[in-house]
Amino acid sequence: MTTPNEPLLSVQDLQKYFPVTKGLLKRQVGAVKAVDGISFDVFKGETLGVVGESGCGKSTMGRLVTRLLEPTGGKVLFEGQDITHMSQGRLRPLRRDMQMIFQDPFSSLNPRHTVGAIVGAPFRIQGIKTEHGTKKAVQEILELVGLNPEHYNRYPHEFSGGQRQRIGIARTLALKPKMIIADEPVSALDVSIQAQVVNLLEDLQNELDLTYVVIAHDLSVVRHISDRVAVMYLGKLVELADRKDLYESPMHPYTNALMSAVPIPDPARRNDRERIRLQGDVPSPLSPPPACRFHTRCWKAQAICKVEEPPLVELASRHQVACHFPEKVPQEAAEAVSA
Amino acid sequence: MVTYIIRRLIGAVIMLLIVSMATFAIFFLVPQLAGATPEGMASRYVGRTATAETAKLAAERLGFNDPLVVQYGRFVKGIVAGAEYDYGPGVEECPAPCLGYSFITRQPVFPDLMNRLPITLSLAIGAAVIWVVMGVGIGVLSALRRGSVFDRAAMTVALAGVSLPIFFTGLVSLLVFSYGNPFSFAAQGGHYTTFLDSPSQWAYNLLLPWITLAFLFAATYARLTRAGMLETMNEDYIRTARAKGLRESTVVTKHGLRAALTPILTVFGLDFGLLIGGAVLTESAYSLPGLGKYAIDAIVNQDLPKVMGVTLLAALFVVVASLIVDLLYAVVDPRVRLA
Amino acid sequence: MSFLELKDLKIHFPTDDGLVKSVDGLTFSLERGSTLGIVGESGSGKSVTSLGILGLHKGGHARISGEIWLDGEELVSASQEHVRGLRGKKMAMIFQDPLSAMHPYYTVGDQIVEAYRIHHSVSKKVARKHAIDMLGRVGIPEPGRRVDAYPHEFSGGMRQRAMIAMALSCDPELLIADEPTTALDVTVQAQILDLMRDLQREFNSALIIITHDLGVVAELSDDILVMYGGKCIEYGAAEDIFYRPEHPYTWGLLGSMPRLDRERTERLMPIKGSPPSLINIPPGCAFHPRCPYSDRTQGKADTEVPALLETEGGHLVRCHLPREERRSLWENEIKPMLETT
């Protein structure tokens, strides 16, 4: 059982390497280190937001945690139980507790199944009997996510993008999960619809006591929805802090650059903003820079950044950063670093 | 790129080996499994009237008593270095590449095949030119004028072309263009003049078979091209090409057609490869002494070595054609070179 | 007359299911050196507008009416061949996804050379030099080497730079960018927006930027046009739209968006329902089924299409609500909700 102090999900030094082969004999010449040693905990009832640019490994991380992919190294503990290499058969009962929402509401629903069949599928797969039959249970869930229960017999193409994402959410809720991993849940939706889905996710969390991991590239959405936020860069966790700390006093240069890059919907401020502009694109995860992976784009980088990888350390209360030259560090922590 | 070529070459060689084994198994292993004795097999070489004694001796000398692996080895050696067939009463030479020796005509198979090949090749090349020009041309026009009268008419005729058997279209074209009616401008078939002797006579004699054969393929290609063009012309890069201010004809040919034809290239390679192995129906319908006719005659006479020779040669053409297609594909589409 | 003027532009597509009114009476003008942002959700008609200005719907099934004046020339009635000659030279376009918008079979250099040589009779060698020069100007390192690379060998940001280089190769006076940064990462998006701002200053071209992202619009635009259901529902200077919006749909867009530059609000204020399908636009005001104030219009909302009227100094709004009521709603209800928790 989970006590309040014990994390619902605990990830320890998680790794996923995809082999890269070359030549006639498909010799392995290297590996894409999509996720390269990340650790974090998620506590019951909270929302952890994970942000990063393409190739940072955030989606891979989501698939590792839900065991849609098998980790290369490290550990994933769910409710204290090691599920890192658990067989699919033994995972099945756990899948009820941990569900995933995907980005694209168009391709993640089978077009030949009715809404009732899609949302009711988890009951059948898990072999669960409900009090008043599956149909009643499904209709209750449809109502919960703001869909008309009478649409039970309709097909996905009859719905708009936002409604389809609601169907996807309804499907994950069918078995009353404890935790939901949402991978870019709103990025394919129109602006006005995004807000509907964000609000729905928040309401459901309060109502059903859910725990979320929300993976997204949009920093404003992540700030709105998360209690704590993790920033990833090229397979590494570079900063992890409570939402307010991270957005108000980011310590990692990369986090600063990300925030500075977000366009602000305020025309008066476009000229007076202090901007940090990174050079170039994110390097390929196939050959990430050695030591600190951000040093090729970092304006603060020194010689040490190219030879020594900065560890992820807690520099302020509940604020972990992996950087040799962090910003806005509280006095005592700064002394501890230099000591 | 070099790796890609080498990998495809190795693949082709392995494919040929497998085909030769399969062919060998079909012609030698299957009869044995079906109960044929070595004497029975040998009797086909020395004639049914021969005494049991002679057949037994022939079976021994021709090696039908040896294990299959040894027989296969001898068969491969024959292709590489030539073979001698010692059937008792005498010895027959079969110089390399020896694809077998017909004891019915008392001739090695390979020179026969080489005599027939130009006829089939002439038929295939001529027909291919006609069907590619017709099929692709009609397909492109249909796609550009989708829904027009031309499009509907062309697609109806194409459907007929795909559905009608060749001996029917063959007879119809004989009726229309030959047999002394006013349109008769082509020979009735059964004649063949080599290209080197008289190009005009060569074309005159082959015109009807070409049209008959091309009709079937042109129909398929028109449908394929139309579908491919419709898809390609909806691509974003076509929109870009138009936005640059390119003439529509350049947009269609340089940007649209080139991309739309790539998949057709694959189909064409295989079709053409298959065809050089013998256009059985067309050759029969017009009594052209090509490889297809040769195969049919051999089957009727139960002349096993001939059937096997044709089979192997046809397989060789298909494998080589698909190899060439693979390489061309890499030339046309730079993205393939990465693989 | 302005450099670019649209007058009552309509682009309708007849389909088996009915007439799709993608653009239904659009009017605006734009000067050289200034930027117009067109904002809208999917199906608002914003992309059809941009292709319409380039004349790319000509000769198809579309029914086009109204006027497009570019530098004193009317383009709706002009011949296809004439408009083709202007495309790429006088007006050019940048598309959303540079991977699918560039031809996979030709090198980046070849594609720029092609764009240049359509409108300039120069040798391939000269054009290639120009292509290398353009690639350098949009910030591609080692342009002399990268000119021979294929689009798939570029990163997303580099591809969009190459796309911009291609669009600018003939010094167009009007540049239309359709969701130019939507497919890019945030840090790369910032670079591309900077680049577009700098290049516009350098070339002094008129720029139309089409996007669903209010942040991107605010970064670049002088004027903003909000589209909904094929029509302009609000138009004004960027400051009008962000500080004094008067259309309930614009309020909805602003309320739907979590913002990094403000205190975090507890709750977003989404618009209910979904954007309408262009084949079945609601009667009357297209926005009325989603509008929280439609019951205050004395029954006009679902019967009468509101006119696009000026409220003050070039700020136009298409709404049945009286001006005073809109202003008081904004000042007293909407603005406080957007700014506080």
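Because the structure is a prediction, the values reported are computed rather than measured. Proteins get letters first, then strands, A, B, ... in listed order; numbering begins at 1 in each.
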Examine whether an atom of [X] lies under 4.5 Å from a heavy atom of chain C, and if so say whether it belongs to the side chain, the backbone or both; otherwise answer neither.
X       : value
V282(A) : side chain
S160(A) : side chain
Q194(A) : neither
V262(A) : both
R277(A) : side chain

Out of [options], return the one with the most heavy atom pairs under 4.5 angstrom to chain A.
options                            : value
I271(C), I241(C), L214(C), V216(C) : I271(C)
G156(C), S42(C), G255(C), P275(C)  : S42(C)
L253(C), V186(C), L184(C)          : V186(C)
T181(C), D194(C), L220(C), V217(C) : D194(C)
P258(C), G252(C), S277(C)          : P258(C)
M257(C), R259(C), E239(C), M158(C) : R259(C)

Can you find a side-chain donor-acceptor pair between [X] and [Y] that sits under 3.5 Å?
X       : Y       : result
H315(C) : E246(C) : no
D222(C) : S34(C)  : no
T187(C) : E53(A)  : yes
H319(A) : E239(A) : yes
R243(A) : T47(A)  : no

Pick from [options] with the largest number of heavy-atom pairs that fall under 4.5 Å of chain C:
options                            : answer
A261(A), S192(A), G52(A), G146(A)  : S192(A)
K244(A), Q163(A), R275(A)          : R275(A)
G162(A), A195(A), G161(A)          : A195(A)
D218(A), L258(A), V191(A), N199(A) : N199(A)
P267(A), A268(A), A257(A)          : P267(A)

Next item on the list: Please round to the nearest 0.5 Å and tell me the distance separating atom CG of N256(A) and atom NZ of K300(A).
Entry: 8.0 Å

Check: Out of curiosity, I180(A) CD1 to L201(A) CG, how far, rounded to the nearest 0.5 Å?
Finding: 7.5 Å

Counting only heavy atoms closer than 4.5 Å, note whether [X] contacts chain A via side chain, backbone, both or neither.
X       : value
E219(C) : both
Y249(C) : neither
R290(C) : side chain

Notebook entry, point to check: Parallel under 30°, tilted from 30 to 60°, perpendicular over 60°: which one fits the rings of W330(C) and W251(C)?
Noted result: parallel

Checklist line | Check ion pair R146(C)-E142(C) (N to O, under 4.0 angstrom) | finding: no

Next item on the list: Evaluate the side-chain proximity of Y254(A) to K236(A): yes if any heavy-atom separation is below 4.5 Å, no if none is.
Entry: no

Note to self: Run the side chain to side chain contact (heavy atoms under 4.5 Å, CB included) test on I164(C) and L199(C) for me, step by step, so that the C-alpha distance in whole Å, both residues' side-chain angles and the decisive distance to 0.1 Å come before the verdict.
What the structure shows: CA-CA 10 Å; I164(C) 293 174; L199(C) 290 172; 3.8 Å; yes

Next item on the list: Would you confirm whether R297(A), through its side chain, and L278(A), through its main-chain N or O, come within 3.5 Å as a donor-acceptor pair?
Entry: no

